[in-house]
Chemist: 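Just dropping this structure here.
Just so we're on the same page: letters track the sequence lines, and every chain starts at 1.
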Amino acid sequence: MKKRVVLTFPKESIEEPITYHLIRDYELMVNILSAKVSPNEEGKMVVEISGQKEMLHNGIDYLKKLGVTSEALAQDVIWDEQRCIHCTACIPLCPSHALSVDRSKMLVSFNSDRCIVCGLCLKACPYHAIEIRF
Amino acid sequence: MPKTIAEINERIKKGDAVVVTAEEIIDLVDKKGVAQVTRDVDVVTTATFGPMCSSGFYFNFGHSRPRIRAQKIWLNNIPAYGGLAAVDAYLGATELSEDDPTNTIYPGAFKYGGAHVIEDLVAGKDVRLKAISYGTDCYPKKEIETIINLNDMNEAVLFNPRNAYQNYNVGVNLSDKVIYTYMGVLQPRMGNANYSSAGQLSPLLNDPLYLTIGIGTRIFLGGGIGYVVWQGTQHNPCALRGENKVPKRGAGTLAVMGDLKQMSPNWLKGVSMTGYGVSMAVGIGIPIPILNEEICQFTAVRDEAIYAPVVDYSSTYPQREPDVLAEVNYSQLKKGSIVVNGKQIPTGGLSSYAKAREIAEILKEWIRKGDFLLTEKVASLPSVDSGISLKALKEKAL
(Lines give C-alpha, C1' and ligand atoms only; values in the text may rest on other atoms or scores of the structure.)
Protein backbone atom coordinates (compact mmCIF):
# COMPACT_ATOMS: atom_id res chain seq x y z
CA MET A 1 0.00 0.00 0.00
CA LYS A 2 1.20 3.49 -0.85
CA LYS A 3 0.10 6.88 0.45
CA ARG A 4 1.15 10.44 -0.25
CA VAL A 5 0.58 12.63 2.78
CA VAL A 6 1.37 16.07 4.14
CA LEU A 7 2.74 15.79 7.67
CA THR A 8 2.40 18.82 9.89
CA PHE A 9 4.36 18.75 13.09
CA PRO A 10 4.05 21.02 16.09
CA LYS A 11 7.32 22.68 17.06
CA GLU A 12 7.67 20.32 20.06
CA SER A 13 8.04 17.32 17.72
CA ILE A 14 10.74 18.83 15.53
CA GLU A 15 13.48 16.99 17.45
CA GLU A 16 11.84 13.58 16.94
CA PRO A 17 13.52 11.47 14.20
CA ILE A 18 10.19 10.31 12.82
CA THR A 19 11.35 9.02 9.45
CA TYR A 20 13.89 6.79 11.22
CA HIS A 21 11.14 5.30 13.40
CA LEU A 22 8.77 4.84 10.46
CA ILE A 23 11.46 2.96 8.60
CA ARG A 24 12.90 0.90 11.46
CA ASP A 25 9.87 0.20 13.64
CA TYR A 26 7.19 -0.08 10.96
CA GLU A 27 9.26 -1.29 7.97
CA LEU A 28 7.89 1.49 5.81
CA MET A 29 9.54 2.99 2.77
CA VAL A 30 9.57 6.75 3.23
CA ASN A 31 10.23 8.98 0.25
CA ILE A 32 10.52 12.64 1.24
CA LEU A 33 9.13 14.79 -1.58
CA SER A 34 9.54 18.13 0.13
CA ALA A 35 10.25 19.30 3.65
CA LYS A 36 10.44 22.48 5.65
CA VAL A 37 11.68 21.86 9.14
CA SER A 38 13.23 24.67 11.12
CA PRO A 39 13.75 25.19 14.87
CA ASN A 40 10.86 26.66 16.86
CA GLU A 41 8.46 26.56 13.96
CA GLU A 42 5.72 24.27 12.81
CA GLY A 43 7.26 21.80 10.35
CA LYS A 44 5.84 20.50 7.08
CA MET A 45 6.89 17.44 5.19
CA VAL A 46 5.39 15.87 2.11
CA VAL A 47 6.13 12.16 1.99
CA GLU A 48 5.23 9.09 0.04
CA ILE A 49 4.93 6.16 2.46
CA SER A 50 4.64 2.58 1.30
CA GLY A 51 4.56 -0.76 3.09
CA GLN A 52 2.15 -3.32 4.49
CA LYS A 53 -1.34 -2.01 5.11
CA GLU A 54 -1.32 -2.73 8.84
CA MET A 55 2.15 -1.31 9.35
CA LEU A 56 1.13 1.81 7.49
CA HIS A 57 -1.85 2.33 9.80
CA ASN A 58 0.30 1.70 12.84
CA GLY A 59 2.92 4.13 11.56
CA ILE A 60 0.29 6.85 11.10
CA ASP A 61 -1.03 6.12 14.62
CA TYR A 62 2.50 6.54 15.95
CA LEU A 63 2.66 9.96 14.26
CA LYS A 64 -0.71 10.95 15.71
CA LYS A 65 0.52 10.19 19.22
CA LEU A 66 3.38 12.62 18.64
CA GLY A 67 0.91 15.31 17.56
CA VAL A 68 1.94 15.01 13.91
CA THR A 69 -1.11 15.34 11.68
CA SER A 70 -1.25 13.71 8.27
CA GLU A 71 -3.51 14.77 5.46
CA ALA A 72 -3.94 13.24 2.06
CA LEU A 73 -1.96 15.26 -0.45
CA ALA A 74 -4.59 15.59 -3.14
CA GLN A 75 -6.87 17.75 -1.04
CA ASP A 76 -4.27 20.39 -0.57
CA VAL A 77 -3.71 21.69 -4.07
CA ILE A 78 -6.68 23.05 -5.94
CA TRP A 79 -6.49 23.79 -9.66
CA ASP A 80 -9.45 25.89 -10.74
CA GLU A 81 -10.13 24.87 -14.31
CA GLN A 82 -12.52 27.81 -14.78
CA ARG A 83 -9.84 30.36 -13.90
CA CYS A 84 -7.07 28.60 -15.87
CA ILE A 85 -6.56 30.11 -19.31
CA HIS A 86 -4.10 27.41 -20.35
CA CYS A 87 -1.21 29.81 -20.83
CA THR A 88 1.31 27.13 -19.69
CA ALA A 89 3.42 29.51 -17.52
CA CYS A 90 3.32 26.93 -14.70
CA ILE A 91 4.48 24.01 -16.82
CA PRO A 92 8.28 24.40 -16.78
CA LEU A 93 8.22 25.02 -13.01
CA CYS A 94 6.34 21.87 -12.01
CA PRO A 95 9.06 19.37 -10.99
CA SER A 96 6.79 16.31 -10.84
CA HIS A 97 4.79 16.95 -14.02
CA ALA A 98 1.55 17.12 -12.05
CA LEU A 99 0.71 20.07 -14.29
CA SER A 100 1.08 19.07 -17.90
CA VAL A 101 0.01 20.13 -21.38
CA ASP A 102 -1.67 18.20 -24.13
CA ARG A 103 0.54 19.64 -26.87
CA SER A 104 -1.96 19.05 -29.69
CA LYS A 105 -4.73 20.95 -27.91
CA MET A 106 -2.38 23.15 -25.88
CA LEU A 107 -4.63 22.55 -22.86
CA VAL A 108 -3.27 22.32 -19.33
CA SER A 109 -4.39 19.61 -16.92
CA PHE A 110 -3.58 18.77 -13.32
CA ASN A 111 -2.93 15.29 -11.94
CA SER A 112 -3.13 15.55 -8.15
CA ASP A 113 -1.53 12.10 -7.69
CA ARG A 114 1.71 13.47 -9.04
CA CYS A 115 1.64 16.74 -7.07
CA ILE A 116 4.27 17.10 -4.35
CA VAL A 117 2.90 20.44 -3.05
CA CYS A 118 6.14 22.31 -3.64
CA GLY A 119 4.16 25.50 -4.31
CA LEU A 120 6.26 26.70 -7.26
CA CYS A 121 3.18 26.98 -9.48
CA LEU A 122 1.45 29.40 -7.10
CA LYS A 123 3.70 32.34 -7.83
CA ALA A 124 3.86 31.47 -11.51
CA CYS A 125 0.10 31.52 -12.10
CA PRO A 126 -1.05 35.03 -13.06
CA TYR A 127 -4.75 34.07 -12.83
CA HIS A 128 -5.00 32.75 -9.24
CA ALA A 129 -6.00 29.42 -10.76
CA ILE A 130 -3.97 27.36 -8.28
CA GLU A 131 -4.43 27.42 -4.54
CA ILE A 132 -2.76 25.46 -1.80
CA ARG A 133 -4.86 24.78 1.24
CA PHE A 134 -2.98 23.54 4.26
CA MET B 1 -8.55 37.91 -60.46
CA PRO B 2 -8.06 39.87 -57.20
CA LYS B 3 -11.03 40.09 -54.87
CA THR B 4 -12.28 43.18 -53.10
CA ILE B 5 -13.54 43.57 -49.55
CA ALA B 6 -16.91 44.71 -50.95
CA GLU B 7 -17.22 41.42 -52.88
CA ILE B 8 -16.27 39.39 -49.80
CA ASN B 9 -18.87 41.28 -47.75
CA GLU B 10 -21.54 40.43 -50.33
CA ARG B 11 -20.69 36.75 -49.90
CA ILE B 12 -20.71 37.11 -46.09
CA LYS B 13 -24.21 38.64 -46.25
CA LYS B 14 -25.45 35.74 -48.40
CA GLY B 15 -23.83 33.24 -46.04
CA ASP B 16 -21.53 32.03 -48.84
CA ALA B 17 -18.17 33.29 -47.57
CA VAL B 18 -15.42 30.72 -47.10
CA VAL B 19 -13.73 31.43 -43.77
CA VAL B 20 -10.87 29.47 -42.21
CA THR B 21 -8.54 30.10 -39.27
CA ALA B 22 -4.87 31.02 -39.63
CA GLU B 23 -4.09 27.45 -38.56
CA GLU B 24 -6.38 25.80 -41.10
CA ILE B 25 -5.03 27.88 -43.99
CA ILE B 26 -1.56 26.34 -43.51
CA ASP B 27 -2.61 22.82 -44.56
CA LEU B 28 -4.88 24.15 -47.28
CA VAL B 29 -2.02 26.03 -48.94
CA ASP B 30 0.21 22.98 -48.53
CA LYS B 31 -2.29 20.75 -50.30
CA LYS B 32 -3.81 22.98 -52.93
CA GLY B 33 -1.23 25.66 -53.52
CA VAL B 34 -1.52 29.38 -52.94
CA ALA B 35 -3.23 30.21 -56.26
CA GLN B 36 -6.10 27.80 -55.70
CA VAL B 37 -6.55 28.75 -52.03
CA THR B 38 -6.58 32.45 -52.90
CA ARG B 39 -9.52 31.74 -55.20
CA ASP B 40 -11.29 29.47 -52.69
CA VAL B 41 -10.90 31.29 -49.37
CA ASP B 42 -12.36 34.70 -48.57
CA VAL B 43 -11.26 35.34 -45.00
CA VAL B 44 -8.64 34.02 -42.59
CA THR B 45 -9.24 34.61 -38.88
CA THR B 46 -6.30 35.33 -36.56
CA ALA B 47 -6.31 35.70 -32.79
CA THR B 48 -4.35 36.18 -29.60
CA PHE B 49 -5.07 36.07 -25.87
CA GLY B 50 -2.31 37.20 -23.55
CA PRO B 51 -1.29 39.88 -21.06
CA MET B 52 -1.31 43.34 -22.65
CA CYS B 53 -0.34 45.91 -20.05
CA SER B 54 -1.13 48.95 -22.13
CA SER B 55 -4.88 48.60 -21.74
CA GLY B 56 -7.64 50.39 -19.90
CA PHE B 57 -11.02 51.99 -20.32
CA TYR B 58 -12.48 55.45 -20.25
CA PHE B 59 -15.91 56.09 -18.85
CA ASN B 60 -18.46 58.73 -18.00
CA PHE B 61 -20.27 58.01 -14.76
CA GLY B 62 -23.01 60.66 -14.92
CA HIS B 63 -23.63 63.82 -12.91
CA SER B 64 -24.63 63.71 -9.27
CA ARG B 65 -26.98 66.28 -7.71
CA PRO B 66 -25.46 68.63 -6.71
CA ARG B 67 -22.76 68.25 -9.35
CA ILE B 68 -19.13 67.30 -8.68
CA ARG B 69 -16.25 67.98 -11.07
CA ALA B 70 -14.49 64.78 -9.93
CA GLN B 71 -10.85 65.74 -9.90
CA LYS B 72 -9.69 62.44 -8.42
CA ILE B 73 -11.57 59.20 -8.91
CA TRP B 74 -11.29 55.65 -7.57
CA LEU B 75 -13.08 52.43 -8.59
CA ASN B 76 -12.81 49.74 -5.90
CA ASN B 77 -10.02 51.82 -4.39
CA ILE B 78 -8.00 51.77 -7.64
CA PRO B 79 -7.23 55.32 -8.86
CA ALA B 80 -8.60 56.38 -12.24
CA TYR B 81 -7.22 59.37 -14.11
CA GLY B 82 -9.57 62.36 -13.84
CA GLY B 83 -7.68 65.02 -15.76
CA LEU B 84 -10.50 65.20 -18.30
CA ALA B 85 -13.92 66.86 -18.33
CA ALA B 86 -16.17 66.52 -15.29
CA VAL B 87 -17.17 62.89 -14.54
CA ASP B 88 -14.99 61.47 -17.32
CA ALA B 89 -12.12 59.23 -16.25
CA TYR B 90 -9.65 56.64 -17.55
CA LEU B 91 -8.76 53.54 -15.57
CA GLY B 92 -5.51 51.84 -16.57
CA ALA B 93 -5.16 48.06 -16.37
CA THR B 94 -1.89 48.18 -14.41
CA GLU B 95 -3.04 50.72 -11.80
CA LEU B 96 -2.78 49.67 -8.14
CA SER B 97 -4.44 50.98 -5.02
CA GLU B 98 -2.37 53.53 -3.09
CA ASP B 99 -2.10 51.09 -0.18
CA ASP B 100 -0.98 48.09 -2.24
CA PRO B 101 2.18 46.73 -0.57
CA THR B 102 3.77 46.37 -4.07
CA ASN B 103 7.20 44.80 -3.62
CA THR B 104 7.78 45.84 0.00
CA ILE B 105 7.26 42.18 0.87
CA TYR B 106 9.17 40.73 -2.05
CA PRO B 107 7.94 39.31 -4.32
CA GLY B 108 4.63 41.19 -4.18
CA ALA B 109 1.41 39.37 -5.02
CA PHE B 110 -0.38 42.23 -6.87
CA LYS B 111 -3.71 40.56 -6.31
CA TYR B 112 -6.04 43.36 -7.43
CA GLY B 113 -5.57 46.27 -9.79
CA GLY B 114 -7.19 48.18 -12.63
CA ALA B 115 -7.51 45.07 -14.81
CA HIS B 116 -9.39 43.24 -12.06
CA VAL B 117 -11.82 46.17 -11.77
CA ILE B 118 -12.43 45.89 -15.52
CA GLU B 119 -12.94 42.12 -15.22
CA ASP B 120 -15.41 42.67 -12.36
CA LEU B 121 -17.31 45.30 -14.34
CA VAL B 122 -17.70 43.15 -17.45
CA ALA B 123 -18.79 40.30 -15.16
CA GLY B 124 -21.71 42.56 -14.19
CA LYS B 125 -20.48 43.26 -10.65
CA ASP B 126 -21.06 46.46 -8.72
CA VAL B 127 -17.95 48.45 -7.84
CA ARG B 128 -17.39 51.30 -5.36
CA LEU B 129 -17.01 54.69 -6.97
CA LYS B 130 -15.30 57.42 -4.97
CA ALA B 131 -14.50 60.91 -6.24
CA ILE B 132 -13.20 64.09 -4.68
CA SER B 133 -12.84 67.58 -6.01
CA TYR B 134 -12.29 71.20 -5.10
CA GLY B 135 -15.65 72.96 -5.22
CA THR B 136 -16.54 75.45 -7.94
CA ASP B 137 -19.58 77.64 -8.47
CA CYS B 138 -20.86 75.26 -11.12
CA TYR B 139 -19.65 72.04 -9.42
CA PRO B 140 -20.13 72.58 -5.69
CA LYS B 141 -19.93 68.99 -4.45
CA LYS B 142 -16.54 67.99 -3.05
CA GLU B 143 -16.88 64.32 -2.32
CA ILE B 144 -18.98 61.37 -3.38
CA GLU B 145 -18.96 57.66 -2.52
CA THR B 146 -21.41 55.29 -4.13
CA ILE B 147 -21.90 51.98 -5.94
CA ILE B 148 -21.89 51.77 -9.71
CA ASN B 149 -21.91 49.09 -12.40
CA LEU B 150 -21.32 49.01 -16.13
CA ASN B 151 -25.00 49.61 -17.00
CA ASP B 152 -25.07 52.75 -14.85
CA MET B 153 -22.28 54.35 -16.87
CA ASN B 154 -23.12 56.50 -19.89
CA GLU B 155 -20.13 55.32 -21.87
CA ALA B 156 -17.54 52.67 -21.03
CA VAL B 157 -14.99 52.24 -23.78
CA LEU B 158 -11.99 49.93 -23.76
CA PHE B 159 -9.09 51.89 -25.21
CA ASN B 160 -5.76 50.11 -25.34
CA PRO B 161 -2.79 52.12 -26.59
CA ARG B 162 -0.51 49.11 -27.20
CA ASN B 163 -1.86 45.63 -27.91
CA ALA B 164 -1.30 42.66 -30.21
CA TYR B 165 2.50 42.89 -30.29
CA GLN B 166 3.90 41.53 -33.52
CA ASN B 167 6.31 39.00 -31.98
CA TYR B 168 8.05 39.27 -28.61
CA ASN B 169 11.10 38.30 -26.56
CA VAL B 170 11.55 34.90 -24.95
CA GLY B 171 12.60 35.62 -21.36
CA VAL B 172 15.33 33.68 -19.51
CA ASN B 173 17.39 34.33 -16.39
CA LEU B 174 21.17 33.94 -16.49
CA SER B 175 21.69 34.92 -12.85
CA ASP B 176 21.94 32.67 -9.80
CA LYS B 177 18.68 33.71 -8.16
CA VAL B 178 15.00 33.60 -9.07
CA ILE B 179 13.74 36.78 -10.73
CA TYR B 180 10.16 38.03 -11.00
CA THR B 181 9.46 39.82 -14.26
CA TYR B 182 6.62 40.76 -16.56
CA MET B 183 7.69 37.61 -18.43
CA GLY B 184 6.79 35.59 -15.34
CA VAL B 185 8.87 33.81 -12.72
CA LEU B 186 12.25 33.04 -14.25
CA GLN B 187 14.36 30.40 -12.55
CA PRO B 188 18.12 30.86 -12.16
CA ARG B 189 20.67 29.57 -14.67
CA MET B 190 18.07 29.42 -17.45
CA GLY B 191 15.78 27.04 -15.52
CA ASN B 192 12.87 28.03 -17.75
CA ALA B 193 12.12 30.17 -20.79
CA ASN B 194 8.85 32.09 -21.16
CA TYR B 195 7.39 33.29 -24.44
CA SER B 196 4.32 35.39 -25.22
CA SER B 197 2.82 35.15 -28.68
CA ALA B 198 0.24 33.01 -30.43
CA GLY B 199 2.78 32.54 -33.25
CA GLN B 200 1.09 31.27 -36.41
CA LEU B 201 -2.34 32.42 -35.14
CA SER B 202 -1.22 35.88 -34.07
CA PRO B 203 -2.79 38.76 -36.06
CA LEU B 204 0.23 40.82 -37.07
CA LEU B 205 2.38 37.74 -37.77
CA ASN B 206 -0.19 36.82 -40.44
CA ASP B 207 -0.14 40.26 -42.03
CA PRO B 208 3.50 41.15 -41.45
CA LEU B 209 3.50 44.21 -43.72
CA TYR B 210 0.08 45.50 -42.56
CA LEU B 211 -1.42 45.06 -46.04
CA THR B 212 -4.97 44.64 -44.73
CA ILE B 213 -4.85 45.46 -40.99
CA GLY B 214 -4.98 49.23 -40.63
CA ILE B 215 -6.86 52.09 -39.06
CA GLY B 216 -10.56 51.24 -39.14
CA THR B 217 -10.21 47.45 -39.24
CA ARG B 218 -13.14 45.87 -37.39
CA ILE B 219 -12.03 43.22 -34.90
CA PHE B 220 -13.10 40.86 -32.11
CA LEU B 221 -12.11 42.68 -28.92
CA GLY B 222 -12.66 41.22 -25.46
CA GLY B 223 -15.68 39.27 -26.68
CA GLY B 224 -17.32 42.26 -28.37
CA ILE B 225 -16.69 44.26 -31.49
CA GLY B 226 -13.88 46.76 -31.63
CA TYR B 227 -11.67 48.58 -34.09
CA VAL B 228 -8.03 49.21 -34.79
CA VAL B 229 -7.77 52.96 -34.25
CA TRP B 230 -4.06 53.68 -34.73
CA GLN B 231 -0.68 52.02 -34.66
CA GLY B 232 0.11 51.15 -31.06
CA THR B 233 2.78 52.82 -28.96
CA GLN B 234 6.31 51.53 -29.65
CA HIS B 235 5.15 50.49 -33.15
CA ASN B 236 8.45 49.52 -34.72
CA PRO B 237 7.87 48.22 -38.26
CA CYS B 238 11.54 48.50 -39.23
CA ALA B 239 12.62 45.81 -36.73
CA LEU B 240 14.76 42.93 -38.03
CA ARG B 241 12.80 40.65 -40.38
CA GLY B 242 13.38 37.30 -42.04
CA GLU B 243 13.23 36.56 -45.77
CA ASN B 244 9.53 35.80 -45.30
CA LYS B 245 9.11 39.44 -44.12
CA VAL B 246 8.05 38.21 -40.67
CA PRO B 247 9.69 40.19 -37.85
CA LYS B 248 12.23 38.34 -35.72
CA ARG B 249 11.91 40.88 -32.91
CA GLY B 250 9.07 42.79 -31.26
CA ALA B 251 7.84 45.01 -34.12
CA GLY B 252 4.37 46.39 -34.92
CA THR B 253 1.67 47.07 -32.34
CA LEU B 254 -1.98 48.13 -32.48
CA ALA B 255 -4.07 50.66 -30.60
CA VAL B 256 -7.57 49.24 -30.32
CA MET B 257 -10.88 50.33 -28.90
CA GLY B 258 -14.41 49.05 -28.45
CA ASP B 259 -17.56 49.22 -26.36
CA LEU B 260 -16.76 47.66 -22.96
CA LYS B 261 -20.44 46.98 -22.39
CA GLN B 262 -20.35 44.28 -25.11
CA MET B 263 -17.34 42.53 -23.63
CA SER B 264 -17.01 39.46 -21.43
CA PRO B 265 -14.88 38.37 -18.45
CA ASN B 266 -13.91 35.33 -20.53
CA TRP B 267 -11.87 37.58 -22.79
CA LEU B 268 -10.72 40.35 -20.44
CA LYS B 269 -8.95 38.93 -17.43
CA GLY B 270 -6.96 40.49 -14.62
CA VAL B 271 -3.39 39.25 -14.48
CA SER B 272 -1.25 39.22 -11.31
CA MET B 273 2.42 38.86 -12.16
CA THR B 274 4.18 37.97 -8.92
CA GLY B 275 6.86 40.53 -8.08
CA TYR B 276 5.99 42.66 -11.11
CA GLY B 277 2.45 44.00 -11.05
CA VAL B 278 -0.98 43.83 -12.58
CA SER B 279 -1.78 43.44 -16.26
CA MET B 280 -4.77 42.41 -18.31
CA ALA B 281 -5.17 39.47 -20.66
CA VAL B 282 -7.04 40.75 -23.70
CA GLY B 283 -8.67 38.59 -26.34
CA ILE B 284 -8.25 39.95 -29.85
CA GLY B 285 -9.34 38.39 -33.14
CA ILE B 286 -8.64 40.02 -36.50
CA PRO B 287 -10.01 38.91 -39.87
CA ILE B 288 -7.72 39.05 -42.89
CA PRO B 289 -9.47 39.28 -46.26
CA ILE B 290 -7.72 37.09 -48.85
CA LEU B 291 -7.56 39.69 -51.61
CA ASN B 292 -4.58 38.30 -53.48
CA GLU B 293 -1.90 35.60 -53.46
CA GLU B 294 0.60 37.66 -51.49
CA ILE B 295 -1.85 38.12 -48.61
CA CYS B 296 -2.79 34.44 -48.78
CA GLN B 297 0.86 33.37 -48.65
CA PHE B 298 1.44 35.56 -45.59
CA THR B 299 -1.48 33.99 -43.68
CA ALA B 300 -0.07 30.52 -44.36
CA VAL B 301 2.98 31.24 -42.19
CA ARG B 302 3.73 28.44 -39.75
CA ASP B 303 5.32 28.35 -36.31
CA GLU B 304 8.55 26.87 -37.71
CA ALA B 305 9.07 30.02 -39.78
CA ILE B 306 8.50 32.53 -36.98
CA TYR B 307 11.58 33.30 -34.88
CA ALA B 308 11.80 35.05 -31.52
CA PRO B 309 14.87 36.36 -29.67
CA VAL B 310 15.90 34.78 -26.36
CA VAL B 311 16.78 37.59 -23.95
CA ASP B 312 18.28 37.55 -20.46
CA TYR B 313 15.97 39.37 -18.05
CA SER B 314 18.43 39.39 -15.13
CA SER B 315 20.82 41.85 -16.74
CA THR B 316 20.52 42.43 -20.50
CA TYR B 317 16.90 43.56 -20.47
CA PRO B 318 16.95 45.78 -17.35
CA GLN B 319 20.22 47.41 -18.48
CA ARG B 320 18.81 47.94 -22.00
CA GLU B 321 21.65 46.03 -23.61
CA PRO B 322 20.98 44.78 -27.13
CA ASP B 323 22.31 41.20 -26.71
CA VAL B 324 20.24 38.29 -27.90
CA LEU B 325 21.26 34.83 -26.65
CA ALA B 326 19.65 32.85 -29.46
CA GLU B 327 16.79 32.80 -31.93
CA VAL B 328 14.21 30.05 -31.54
CA ASN B 329 10.99 29.35 -33.41
CA TYR B 330 7.44 28.99 -32.09
CA SER B 331 7.24 25.33 -33.04
CA GLN B 332 10.08 24.61 -30.61
CA LEU B 333 8.58 26.92 -27.97
CA LYS B 334 5.17 25.24 -28.16
CA LYS B 335 6.62 21.73 -28.06
CA GLY B 336 7.99 22.55 -24.61
CA SER B 337 11.74 23.00 -24.84
CA ILE B 338 14.43 25.02 -26.54
CA VAL B 339 18.22 24.79 -26.56
CA VAL B 340 20.28 27.85 -25.66
CA ASN B 341 24.07 27.74 -25.33
CA GLY B 342 23.89 23.94 -25.38
CA LYS B 343 21.39 23.78 -22.52
CA GLN B 344 17.92 22.33 -22.92
CA ILE B 345 15.37 24.62 -21.26
CA PRO B 346 11.69 23.90 -20.61
CA THR B 347 9.35 26.57 -21.99
CA GLY B 348 6.23 28.19 -20.61
CA GLY B 349 3.76 30.46 -22.37
CA LEU B 350 2.12 33.63 -21.16
CA SER B 351 -0.17 33.92 -24.17
CA SER B 352 -2.77 31.14 -24.35
CA TYR B 353 -2.72 29.30 -27.65
CA ALA B 354 -5.82 27.31 -26.69
CA LYS B 355 -7.77 30.52 -26.06
CA ALA B 356 -6.44 32.13 -29.26
CA ARG B 357 -7.78 29.11 -31.14
CA GLU B 358 -11.17 29.59 -29.49
CA ILE B 359 -11.27 33.26 -30.52
CA ALA B 360 -10.30 32.44 -34.13
CA GLU B 361 -13.18 29.93 -34.19
CA ILE B 362 -15.67 32.38 -32.69
CA LEU B 363 -14.75 35.07 -35.20
CA LYS B 364 -15.03 32.51 -38.00
CA GLU B 365 -18.58 31.70 -36.85
CA TRP B 366 -19.53 35.38 -36.60
CA ILE B 367 -18.41 35.93 -40.19
CA ARG B 368 -19.98 32.72 -41.50
CA LYS B 369 -23.32 33.62 -39.94
CA GLY B 370 -23.22 37.07 -41.52
CA ASP B 371 -23.01 38.87 -38.15
CA PHE B 372 -19.62 40.41 -38.77
CA LEU B 373 -18.72 42.30 -41.95
CA LEU B 374 -15.20 43.29 -42.87
CA THR B 375 -14.15 46.91 -43.09
CA GLU B 376 -11.78 48.57 -45.50
CA LYS B 377 -8.94 50.27 -43.65
CA VAL B 378 -9.18 54.06 -43.87
CA ALA B 379 -5.43 54.57 -43.51
CA SER B 380 -2.43 52.23 -43.43
CA LEU B 381 -0.17 51.66 -40.47
CA PRO B 382 3.43 52.80 -40.92
CA SER B 383 5.29 49.87 -42.48
CA VAL B 384 8.82 48.83 -43.41
CA ASP B 385 9.28 51.91 -45.61
CA SER B 386 8.34 54.36 -42.83
CA GLY B 387 11.88 54.86 -41.56
CA ILE B 388 10.60 54.67 -37.97
CA SER B 389 13.17 53.79 -35.35
CA LEU B 390 12.40 53.40 -31.66
CA LYS B 391 13.84 56.22 -29.60
CA ALA B 392 15.45 55.48 -26.27
CA LEU B 393 15.27 58.08 -23.51
CA LYS B 394 18.42 60.12 -23.11
CA GLU B 395 18.75 61.63 -19.65
CA LYS B 396 19.82 65.23 -19.99
CA ALA B 397 21.53 67.32 -17.33
CA LEU B 398 19.14 69.82 -15.78
Side-chain angles (χ1 to χ4, degrees), chain A residues 32-36 38 40-42 44 46 76-134, chain B residues 49-51 107-112 115-116 119 171-172 178 180 182-187 190-196 198-199 201 265-267 269-281 283 331 333-338 345-358:
Chain A
I32 301 173
L33 301 172
S34 73
K36 187 172 183 262
S38 41
N40 298 316
E41 269 180 42
E42 187 181 81
K44 284 240 180 253
V46 181
D76 291 327
V77 171
I78 319 266
W79 172 63
D80 184 343
E81 195 169 354
Q82 295 306 310
R83 284 213 64 86
C84 177
I85 67 143
H86 307 275
C87 68
T88 74
C90 55
I91 298 300
L93 300 176
C94 180
S96 62
H97 306 288
L99 287 156
S100 63
V101 198
D102 171 342
R103 294 281 167 192
S104 68
K105 296 190 175 121
M106 287 307 275
L107 289 174
V108 171
S109 62
F110 175 64
N111 178 350
S112 57
D113 290 342
R114 286 172 159 268
C115 177
I116 59 166
V117 202
C118 66
L120 280 173
C121 52
L122 286 180
K123 284 179 180 161
C125 179
Y127 302 94
H128 312 138
I130 308 167
E131 267 185 275
I132 292 196
R133 291 188 194 151
F134 275 124
Chain B
F49 186 61
F110 301 99
K111 283 214 161 131
Y112 196 87
H116 298 96
E119 186 183 340
V172 295
V178 181
Y180 298 90
Y182 71 82
M183 290 302 288
V185 182
L186 297 175
Q187 298 288 348
M190 297 199 292
N192 60 335
N194 281 356
Y195 65 96
S196 189
L201 259 182
N266 289 336
W267 305 114
K269 272 200 187 300
V271 169
S272 300
M273 296 305 276
T274 303
Y276 176 73
V278 166
S279 183
M280 185 161 70
S331 171
L333 288 163
K334 284 178 195 163
K335 279 183 188 144
S337 85
I338 57 170
I345 310 167
T347 59
L350 293 173
S351 180
S352 169
Y353 195 68
K355 293 287 175 187
R357 258 184 192 153
E358 248 182 275

Chemist: Mind listing the closest non-hydrogen atom pair of A:Ile85 and B:Lys269 along with its distance?
Modeler: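 Looking at all heavy atoms of both residues, the closest pair is CG2-CD, 3.6 Å.
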
Chemist: Using a 4.5 Å cut-off on heavy atoms from C-beta on, say whether the side chain of A:His86 contacts that of B:Arg357.
Modeler: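 Not in contact.
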
Chemist: Please look at A:Ser100 and chain B and tell me whether the side chain, the backbone, both or neither of the residue comes under 4.5 angstrom of a heavy atom of that chain.
Modeler: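 Contact with chain B: none, neither part.
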
Chemist: Show the nearest heavy-atom pair for residues A:Tyr127 and B:Leu350, with the distance to one decimal.
Modeler: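 A:Tyr127 and B:Leu350 have their closest heavy atoms at OH-O, 4.3 Å.
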
Chemist: Please set out all donor-acceptor pairs under 3.5 angstrom arising from side-chain atoms of residues 90-98 of chain A, sequence neighbours excluded.
Modeler:
unit_1	atom_1	unit_2	atom_2	d
A:Ser96	OG	A:Arg114	O	2.7

Chemist: For the candidates A:Arg83, A:Met106, A:Gln82, which exhibits the highest count of non-hydrogen atom pairs separated by less than 4.5 Å from chain B?
Modeler: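 Option with the top pair count is A:Met106.
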
Chemist: If you tally heavy-atom pairs under 4.5 Å against chain A, which of B:Gly348, B:Ser272, B:Ser279 wins?
Modeler: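 Among B:Gly348, B:Ser272, B:Ser279, the one with the most close pairs to chain A is B:Ser272.
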
Chemist: What part of B:Tyr276 gets closer than 4.5 Å to chain A, counting heavy atoms only: side chain, backbone, both or neither?
Modeler: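 Neither part; nothing is under 4.5 Å.
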
Chemist: Below 4.5 Å, heavy atoms only, C-beta onward: do A:Lys123 and B:Val178 meet side chain to side chain?
Modeler: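 In short, these two side chains do not touch, never coming nearer than 4.5 Å.
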
Chemist: Please report the closest heavy-atom contact between A:His128 and B:Lys111, naming both atoms and the distance.
Modeler: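 Of all heavy-atom pairs spanning A:His128 and B:Lys111, the closest is CE1-O, 3.5 Å.
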
Chemist: For chain A, find which of B:Val271, B:Asn266, B:Ile345 contributes the most heavy-atom pairs closer than 4.5 angstrom.
Modeler: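 If we count pairs closer than 4.5 Å to chain A, B:Val271 comes out on top.
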
Chemist: What closest approach, in Å, do A:Lys105 and B:Ala354 show between heavy atoms, and which atom pair accounts for it?
Modeler: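 What the structure gives for the nearest pair is O-CB, 3.8 Å.
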
